[in-house]
Amino acid sequence: MSSILVTGGAGYIGSHTVVELFRAGYNPVIIDNFSNSEKSVLKGIESITGERITLYTGDCNDADFVNYIFESDPEITGCIHFAAYKAVGESVEKPVEYYKNNINSLLVLLTSMMQFNIKNLVFSSSCTVYGQPDELPVTESSPVKKAESPYGNTKQICEEVIEDTVAAAGEIKAVSLRYFNPVGAHPSSQIGELPIGTPNNLVPFLTQTVAGIRKELVIFGDDYDTPDGTCVRDYIHVLDLAQAHVKALDYLDKKKNDSLYRVFNVGTGNGHTVLDVIKTFESVTGEKVNYRVGTRRAGDVEKVWANADKINKELNWKTQLTLKQALNDAWSWQKVLKNRGKQ
Ligand code: UD1
């Protein structure tokens with residue numbers, strides 16, 4: 001059974017991917033420094049898979065530590081690199097920390113992969129690289145726009161680093177997955193998003209509002225050029241997104257050529273407004289969302305959704321779950337957290 005190193009494997013998307021890797025017959029190996037995740041996630045993964053997953057607690061900026069893992073586990077054939085800082089606003093305040101952490105950890109990983117002859121890499125990128133696209137839906141050949149934030153810039157730079165490394169080294173095969181908006185939780189309610197402090201993203205803020213933790217949800221503007229005036233995004237169930245990583249690894253495994261770099265959008269192909277999300281949440285859960293319309297948030301794009309044809313065809317991946325299921329799962333997870341006295 002081939003082992004896959006999952007950096008940031010205790011995080012939101014990482015933990016769901018670990019579960020899907022296991023289900024697909026891979027042996028996931030987690031490295032996490034728990035800077036933005038919790039040890040309890042491991043228990044959740046274990047109760048879904050029935051297995052204890054190997055965990056290395058530490059930082060993937062630490063070259064000796066990463067080398068030690070590859071030395072200790074010669075079965076590792078590939079890596080999925082999630083570990084990164086991800087808060088847009090914080091990246092504007094602490095750009096050096098973001099560049100240092102997000103770029104250096106990739107450099108350390110690539111160096112170590114080359115040293116240990118590990119060929120397959122899946123990188124966690126974002127649709128943020130497109131900014132506000134001129135044409136919708138956005139395809140992989142749409143231009144990459146100047147990043148709105150240091151966070152977004154780290155994703156662009158990392159993609160370039162991987163592309164250059166693949167071209168020069170001729171011995172690494174890599175896929176960058178450009179995620180649209182991941183939402184929801186595992187349907188078992190054993191794992192889900194664990195925002196630290198006040199969430200920035202729509203769905204965790206919404207579920208916390210309904211749970212009574214936040215007073216009200218503020219919609220950031222209703223004067224955009226969209227069907228109801230609120231911004232449009234492509235919301236994808238986190239479990240579907242997790243499966244895309246498994247498909248990407250399968251794809252890399254099958255490609256025998258030494259050098260390969262591909263980029264894929266991972267979205268549903270459907271756009272939903274903020275009001276759609278609120279109304280869908282209300283209809284699927286029967287709960288009322290206390291919301292009001294506020295002013296626009298700086299840096300928000302008006303509308304973006306994916307053309308997912310490339311990943312549909314080339315990786316044989318399609319979304320299976322709907323926005324309704326994602327919101328229902330997000331709400332079930334929020335109730336579990338509340339019962340645990342967490343949030
Ligand atoms: C944001 C980042 C994106 C990053 C992603 C990571 C920006 C501009 N983009 O995406 O680069 O990859 O998070 O998770 O920050 N909304 C409200 N009220 C709220 C929260 C959000 O109306 O309290 C709206 C936003 O205006 C937006 C939509 O909900 O239209 C989704 O917002 P969010 O979940 O923060 O994701 P993005 O901004 O799309």
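Just so you know, ligand 1 is whichever comes first in the structure, and atom 1 is the first atom listed for that ligand.
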Can you tell me which residue and heavy atom of the protein come closest to [atom], and the distance to 0.1 Å?
| atom | answer |
| --- | --- |
| atom 38 (O) of ligand 1 | Arg297 NH2, 2.8 Å |
| atom 5 (C) of ligand 1 | Asn201 ND2, 4.2 Å |
| atom 39 (O) of ligand 1 | Arg233 NE, 2.5 Å |
| atom 22 (O) of ligand 1 | Phe220 N, 2.9 Å |
| atom 4 (C) of ligand 1 | Tyr151 CE2, 3.8 Å |

With side chains defined as the heavy atoms from C-beta onward, is the minimum distance between Tyr85 and Ser91 less than 4.5 Å? no
Pairwise side-chain contact, Gln334 with Gln208, heavy-atom cut-off 4.5 Å (strictly under): yes
Check: [X] N/O within less than 3.5 Å of ligand 1 N/O:
| X | result |
| --- | --- |
| Val218 | yes |
| Lys86 | no |
| Ile219 | no |
| Leu202 | yes |

Of Asn33, Asn101, Thr7, which meets side chain to side chain donor-acceptor pair (under 3.5 Å) against Asp59?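 Passing option: Asn33.
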Tell me the nearest of Asp300, Ile13, Val203 to atom 26 (O) of ligand 1, using heavy-atom distances. Asp300
